[in-house]
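Any value given below was found using the heavy atoms of this structure, including those in side chains, with hydrogens, waters and symmetry copies removed. It should be emphasised that the depicted structure is a prediction, and the values quoted were computed from it without experimental measurement.
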Amino acid sequence: MADLTLQLLSTLEQITSLLRKHGEEHWLQWIVRDVTLIREGDFHGVEHLLSAYGGMGSFNDLYLCPENGHRIEGPDVEQVNKQLRALASQAYDLARHLERAA
(Lines give C-alpha, C1' and ligand atoms only; values in the text may rest on other atoms or scores of the structure.)
Protein backbone atom coordinates (compact mmCIF):
# COMPACT_ATOMS: atom_id res chain seq x y z
CA MET A 1 0.00 0.00 0.00
CA ALA A 2 2.93 2.35 0.67
CA ASP A 3 4.08 1.98 -2.93
CA LEU A 4 0.62 2.91 -4.25
CA THR A 5 0.55 5.90 -1.94
CA LEU A 6 3.92 7.10 -3.21
CA GLN A 7 2.79 6.64 -6.81
CA LEU A 8 -0.39 8.59 -6.09
CA LEU A 9 1.54 11.42 -4.43
CA SER A 10 3.93 11.60 -7.37
CA THR A 11 1.03 11.78 -9.82
CA LEU A 12 -0.73 14.44 -7.76
CA GLU A 13 2.47 16.50 -7.64
CA GLN A 14 2.61 16.39 -11.44
CA ILE A 15 -1.02 17.50 -11.60
CA THR A 16 -0.45 20.37 -9.16
CA SER A 17 2.56 21.51 -11.16
CA LEU A 18 0.48 21.57 -14.33
CA LEU A 19 -2.40 23.39 -12.66
CA ARG A 20 -0.09 25.94 -11.04
CA LYS A 21 1.70 26.62 -14.33
CA HIS A 22 -1.56 27.34 -16.12
CA GLY A 23 -3.30 29.29 -13.36
CA GLU A 24 -6.05 26.86 -12.35
CA GLU A 25 -6.58 27.84 -8.72
CA HIS A 26 -9.75 25.97 -7.67
CA TRP A 27 -8.53 22.46 -8.48
CA LEU A 28 -5.00 23.30 -7.43
CA GLN A 29 -6.20 24.13 -3.91
CA TRP A 30 -8.37 21.01 -3.83
CA ILE A 31 -5.52 18.67 -4.77
CA VAL A 32 -2.92 20.40 -2.59
CA ARG A 33 -5.24 19.80 0.38
CA ASP A 34 -5.50 16.12 -0.54
CA VAL A 35 -1.73 15.78 -0.94
CA THR A 36 -1.24 17.25 2.53
CA LEU A 37 -3.75 14.85 4.08
CA ILE A 38 -2.34 11.81 2.30
CA ARG A 39 1.21 12.71 3.34
CA GLU A 40 -0.01 12.93 6.94
CA GLY A 41 -1.49 9.44 6.66
CA ASP A 42 -5.06 10.74 6.72
CA PHE A 43 -7.18 8.51 4.45
CA HIS A 44 -9.72 11.32 4.08
CA GLY A 45 -7.33 12.77 1.48
CA VAL A 46 -7.95 9.78 -0.77
CA GLU A 47 -11.71 9.94 -0.20
CA HIS A 48 -11.77 13.70 -0.85
CA LEU A 49 -9.73 13.24 -4.01
CA LEU A 50 -12.14 10.62 -5.32
CA SER A 51 -15.07 12.95 -4.64
CA ALA A 52 -13.59 15.36 -7.22
CA TYR A 53 -14.40 12.91 -10.01
CA GLY A 54 -17.84 12.56 -11.57
CA GLY A 55 -20.85 14.81 -11.81
CA MET A 56 -21.24 18.23 -13.35
CA GLY A 57 -18.42 20.66 -12.63
CA SER A 58 -16.11 17.87 -11.53
CA PHE A 59 -12.37 17.61 -12.04
CA ASN A 60 -13.20 15.50 -15.11
CA ASP A 61 -14.80 18.58 -16.66
CA LEU A 62 -11.72 20.78 -16.27
CA TYR A 63 -10.44 22.08 -19.59
CA LEU A 64 -7.42 24.35 -19.56
CA CYS A 65 -7.72 27.07 -22.19
CA PRO A 66 -7.41 30.84 -22.53
CA GLU A 67 -11.21 31.17 -22.77
CA ASN A 68 -11.50 29.72 -19.25
CA GLY A 69 -8.97 32.24 -17.94
CA HIS A 70 -5.98 29.91 -17.88
CA ARG A 71 -2.41 30.92 -18.71
CA ILE A 72 -1.94 28.82 -21.81
CA GLU A 73 -1.29 29.50 -25.47
CA GLY A 74 -3.70 28.22 -28.11
CA PRO A 75 -1.23 25.79 -29.72
CA ASP A 76 -0.55 24.14 -26.35
CA VAL A 77 -4.16 23.59 -25.31
CA GLU A 78 -4.66 20.16 -26.85
CA GLN A 79 -1.39 18.64 -25.62
CA VAL A 80 -1.68 20.06 -22.10
CA ASN A 81 -5.25 18.81 -21.72
CA LYS A 82 -4.23 15.39 -23.03
CA GLN A 83 -1.48 15.29 -20.39
CA LEU A 84 -3.90 16.46 -17.69
CA ARG A 85 -6.45 13.77 -18.62
CA ALA A 86 -3.79 11.05 -18.49
CA LEU A 87 -2.55 12.19 -15.08
CA ALA A 88 -6.09 12.60 -13.74
CA SER A 89 -6.98 9.09 -14.88
CA GLN A 90 -3.82 7.67 -13.31
CA ALA A 91 -4.55 9.48 -10.01
CA TYR A 92 -8.11 8.16 -10.00
CA ASP A 93 -7.00 4.57 -10.63
CA LEU A 94 -4.37 4.72 -7.88
CA ALA A 95 -6.81 6.28 -5.40
CA ARG A 96 -9.41 3.60 -6.18
CA HIS A 97 -6.81 0.87 -5.59
CA LEU A 98 -5.95 2.44 -2.24
CA GLU A 99 -9.63 2.70 -1.37
CA ARG A 100 -10.18 -0.99 -2.11
CA ALA A 101 -7.08 -1.98 -0.12
CA ALA A 102 -8.17 -0.02 2.96
Side-chain angles (χ1 to χ4, degrees):
M1 196 150 106
D3 188 46
L4 285 177
T5 302
L6 290 175
Q7 289 177 46
L8 176 58
L9 287 169
S10 174
T11 301
L12 293 176
E13 289 295 338
Q14 292 175 66
I15 291 171
T16 59
S17 178
L18 195 65
L19 297 178
R20 188 173 286 115
K21 178 179 179 181
H22 297 293
E24 171 50 47
E25 291 300 320
H26 171 74
W27 291 110
L28 174 63
Q29 291 174 16
W30 184 291
I31 293 172
V32 165
R33 175 181 178 225
D34 296 339
V35 166
T36 301
L37 291 171
I38 294 166
R39 277 204 178 116
E40 293 172 351
D42 186 339
F43 192 74
H44 181 68
V46 173
E47 295 169 333
H48 187 255
L49 175 65
L50 288 171
S51 74
Y53 292 83
M56 291 184 66
S58 70
F59 186 53
N60 290 331
D61 293 337
L62 176 61
Y63 189 74
L64 301 174
C65 65
E67 294 81 8
N68 288 340
H70 299 114
R71 293 186 305 263
I72 188 170
E73 299 293 324
D76 298 329
V77 170
E78 185 178 332
Q79 180 59 34
V80 168
N81 281 287
K82 183 178 178 181
Q83 180 183 12
L84 178 61
R85 291 283 58 86
L87 289 168
S89 178
Q90 182 177 349
Y92 178 81
D93 290 345
L94 289 164
R96 289 287 292 156
H97 284 2
L98 283 169
E99 181 183 52
R100 286 186 206 112

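Under a 3.5 Å cut-off, the side chain of Asn68 and the backbone N or O of His70 do not form any donor-acceptor pair. Of the possible donor and acceptor atoms, one in the side chain of Tyr53 sits under 3.5 Å from a partner among the backbone N and O of Ala88. Put simply, the side chain of Ser89 never gets that close to the backbone of Ala86: no donor and acceptor are under 3.5 Å apart. Judged purely by atom type and a 3.5 angstrom limit, Arg71 uses its side chain to pair as donor or acceptor with the backbone of Arg20.
In this view, Glu25 satisfies the side-chain hydrogen bond (donor to acceptor under 3.5 Å, both in side chains) rule with no residue, not counting sequence neighbours.
Nearest heavy atoms, Leu9 versus Ile38: CD2-CG2, 3.7 Å. Nearest approach of Pro66 to Gly74, heavy atoms of both residues: CG-N, 4.5 Å. Pairing each heavy atom of Asp61 with each of Gly55, the nearest pair is OD2-O, 3.4 Å.
A continuous path of hydrophobic side-chain contacts links Ile31 to Tyr63 [ILVMFWY only; heavy atoms under 4.5 Å]. Note on Leu37 and Leu98: separate hydrophobic clusters, where clusters join Ile, Leu, Val, Met, Phe, Trp and Tyr whose side-chain heavy atoms are under 4.5 Å apart, directly or indirectly.
Of the inter-residue distances, the one linking His44 atom NE2 with Leu49 atom CG reads 11.0 Å to the nearest 0.5 angstrom. Note that the CD atom of Glu67 and the CD1 atom of Ile72 stand 10.0 Å from one another [nearest 0.5 Å]. Note: Asp34 CG to Thr16 OG1 = 11.0 Å, rounded to the nearest 0.5 Å. Between Leu28 atom CG and His26 atom NE2 the span is 10.5 Å, to the nearest 0.5 Å.
Relative orientation of the Phe59 and Trp27 rings is tilted, given thresholds of 30° and 60° on the angle between their planes.
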Exercise for the section: For side-chain contact (heavy atoms from CB on, under 4.5 Å), just list the numbers for Gln7 and His97, CA-CA rounded to whole Å, side-chain angles, deciding distance to a tenth of an Å, and then say yes or no. Expected result: CA-CA 11 Å; Gln7 289 177 46; His97 284 2; over 6 Å; no

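No side-chain heavy atom of Val32 sits less than 4.5 Å from a side-chain heavy atom of Leu12. Residues Val77 and Leu64 form no side-chain contact, since every pair of their non-hydrogen atoms from C-beta on lies 4.5 Å or further apart. Glu47 has its side chain out of reach of Ser51: every pair of non-hydrogen atoms, C-beta onward, lies at least 4.5 Å apart.
Listed by first and then second residue, the salt bridge (Lys or Arg N to Asp or Glu O under 4.0 Å) pairs involving residues 1-16 are Glu13-Arg39 (not counting sequence neighbours).
Screening Leu8, Thr11, Ile15 for a side chain to side chain contact (heavy atoms under 4.5 Å, CB included) with Gln90, the sole residue that qualifies is Thr11.
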